[in-house]
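Counting convention: from 1, in listed order, for ligands and their atoms alike.
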Amino acid sequence: MRNPVTADLFESVRTVPLLQETMAEGAVLLRGYARPFELELMRVLGRILEQAPFRRMLTPGGHQMSVAMTNCGSYGWVTDRTGYRYDPNDPEGGKPWPPMPPVFRELAERAAGGAGFAGFSPDACLINCYQPGARMSLHQDRDEHDLSAPIVSVSLGLPATFLFGGLKRSDKPNRFRLEHGDIAVWGGPARLAFHGVAPLADGEHTLLGRQRINLTFRKAR
Ligand code: MD6
Ligand code: FE
């Protein structure tokens with residue numbers, strides 16, 4: 001269904017020059033790209049959280065993650081004692097994840113196109129919630145079947161320090177500040193780069209309060 005508000009927003013931002021920063025070959029930051037959509041993103045995020053609340057999952061090693069997660073779309077990324085996987089159903093309740101809202105999909109597809117990955121069609125959106133102190137250790141995103149598709153990552157709320165390394169865990173990561181509205185897109189030669197998020201510094205964001213929310217769009221299948 002056409003949403004006149006977001007349709008007009010997408011039309012108008014089409015003409016705004018991209019503020020693009022390169023993190024590595026195949027990895028770019030689109031500064032402020034999501035900002036025109038912040039209220040609509042938060043509105044639909046609220047609907048998703050009513051159906052699939054944030055929860056802190058267990059790693060296969062039995063540790064509870066400091067980041068709380070949920071998903072929307074045809075598949076959701078989950079972890080438990082048995083391992084990591086994409087699951088069409090929310091393990092809490094067994095029902096399908098909430099559908100991916102059109103504004104999520106459209107924003108992700110346009111950001112990917114702007115970064116040089118035309119034709120991106122995400123089927124999974126992992127939603128991460130960081131409270132002060134929460135972090136994500138260095139990892140590769142390698143549970144997706146089709147590694148030719150990029151990943152699109154939208155940052156909302158408190159700023160974070162993103163650690164972006166190389167293809168080996170031992171490669172020393174560079175640091176990038178991700179602010180509210182920034183979108184990171186990576187794929188191609190950077191698709192399997194190690195990356196993580198440093199412990200979130202405390203603060204108060206005007207719109208989101210004491211938290212950072214990250215939407216990560218993938219093609220899982
Ligand atoms: C985060 N992001 O920004 C965690 N993975 O909260 C990720 O792990 C990530 O931002 C792959 C691509 C982009 C990302
Ligand atoms: Fe990741």
Side-chain angles (χ1 to χ4, degrees), residues 20-31 33-34 41 45 54-57 59 65-73 75-79 84-86 104 107-109 111-112 114-117 120 122-167 169 171 173-201 203 205 208 210-220:
Q20 187 163 330
E21 242 172 79
T22 301
M23 294 194 290
E25 198 193 338
V28 302
L29 277 176
L30 305 176
R31 292 291 186 192
Y33 194 90
L41 292 173
L45 181 59
F54 283 125
R55 80 290 306 265
R56 288 172 60 198
M57 300 182 193
T59 65
M65 297 188 76
S66 60
V67 177
M69 298 179 171
T70 187
N71 292 276
C72 66
Y75 300 97
W77 186 87
V78 294
T79 173
Y84 310 126
R85 66 182 183 280
Y86 279 98
F104 275 30
L107 184 62
E109 291 179 357
F117 298 97
F120 178 53
D123 58 10
C125 174
L126 170 65
I127 306 171
N128 294 320
C129 179
Y130 295 71
Q131 310 280 344
R135 62 191 288 270
M136 178 114 34
S137 53
L138 279 186
H139 66 277
Q140 293 171 299
D141 288 22
R142 54 184 307 162
D143 300 319
E144 300 74 26
H145 288 202
D146 179 6
L147 294 177
S148 72
I151 292 184
V152 173
S153 164
V154 180
S155 290
L156 298 169
L158 287 177
T161 299
F162 194 47
L163 310 170
F164 191 84
L167 298 178
R169 187 181 289 279
D171 293 337
N174 291 317
R175 299 164 79 87
F176 298 89
R177 189 175 161 91
L178 295 182
E179 305 222 37
H180 176 76
D182 291 348
I183 302 190
V185 181
W186 72 56
R191 182 62 181 74
L192 289 176
F194 279 89
H195 59 279
V197 178
L200 193 77
H205 185 266
L208 281 112
R210 286 180 79 195
Q211 62 183 334
R212 169 176 183 261
I213 289 182
N214 167 258
L215 315 173
T216 309
F217 296 88
R218 296 102 187 271
K219 177 130 186 60

Residue, atom name and distance, where the atom is the protein heavy atom closest to [atom]:
atom	result
atom 3 (O) of ligand 1	Arg212 NH2, 3.0 Å
atom 2 (N) of ligand 1	Asn214 OD1, 3.9 Å
atom 11 (C) of ligand 1	Asp141 OD2, 2.8 Å
atom 9 (C) of ligand 1	His195 NE2, 3.3 Å
atom 12 (C) of ligand 1	Trp186 CZ2, 2.8 Å

(Q) So for atom CD, which belongs to Glu25, do other residues, nucleotides or ligands contribute more than 12 heavy atoms lying within a distance under 6.0 Å? (A) no
Q. What closest approach, in Å, do Asp141 and Arg191 show between heavy atoms, and which atom pair accounts for it?
A. O-NH1, 2.8 Å
Q. Between Phe120 and Ala112, which heavy-atom pair has the shortest distance, and what is it?
A. CB-CB, 3.6 Å
Q: Taking the side chain as every heavy atom from C-beta outward, state whether Val67 and Met57 have any atom pair closer than 4.5 Å.
A: no
Q) With side chains defined as the heavy atoms from C-beta onward, is the minimum distance between Asp143 and Arg218 less than 4.5 Å? A) no
Where ligand 1 meets [X] - atom numbers and elements under 4.0 angstrom, heavy-atom basis:
X	answer
His139	8 (O)
Ile151	11 (C), 12 (C), 13 (C)
Tyr130	1 (C), 4 (C), 6 (O)
Val197	1 (C), 3 (O), 4 (C), 6 (O)

Q.
Against Ile213, only a single residue in Val154, Leu41, Ile127, Leu158 fulfils side chain to side chain contact (heavy atoms under 4.5 Å, CB included); can you say which?
A. Ile127
Q: Give the ring-plane orientation class for Phe162 versus Trp186, where under 30° counts as parallel, over 60° as perpendicular and anything between as tilted.
A: parallel
Q) Taking the inter-plane angle between the rings of Phe176 and Phe164 on a 0 to 90° scale, is it parallel (under 30°), tilted (30 to 60°) or perpendicular (over 60°)? A) perpendicular
Q.
For the Fe ion (ligand 2), give me the closest N/O/S atom belonging to Asp141, just the atom name.
A. OD1
Q: May I ask you to check whether Ser153 has an N/O atom sitting below 3.5 Å from an N/O atom of ligand 1?
A: yes
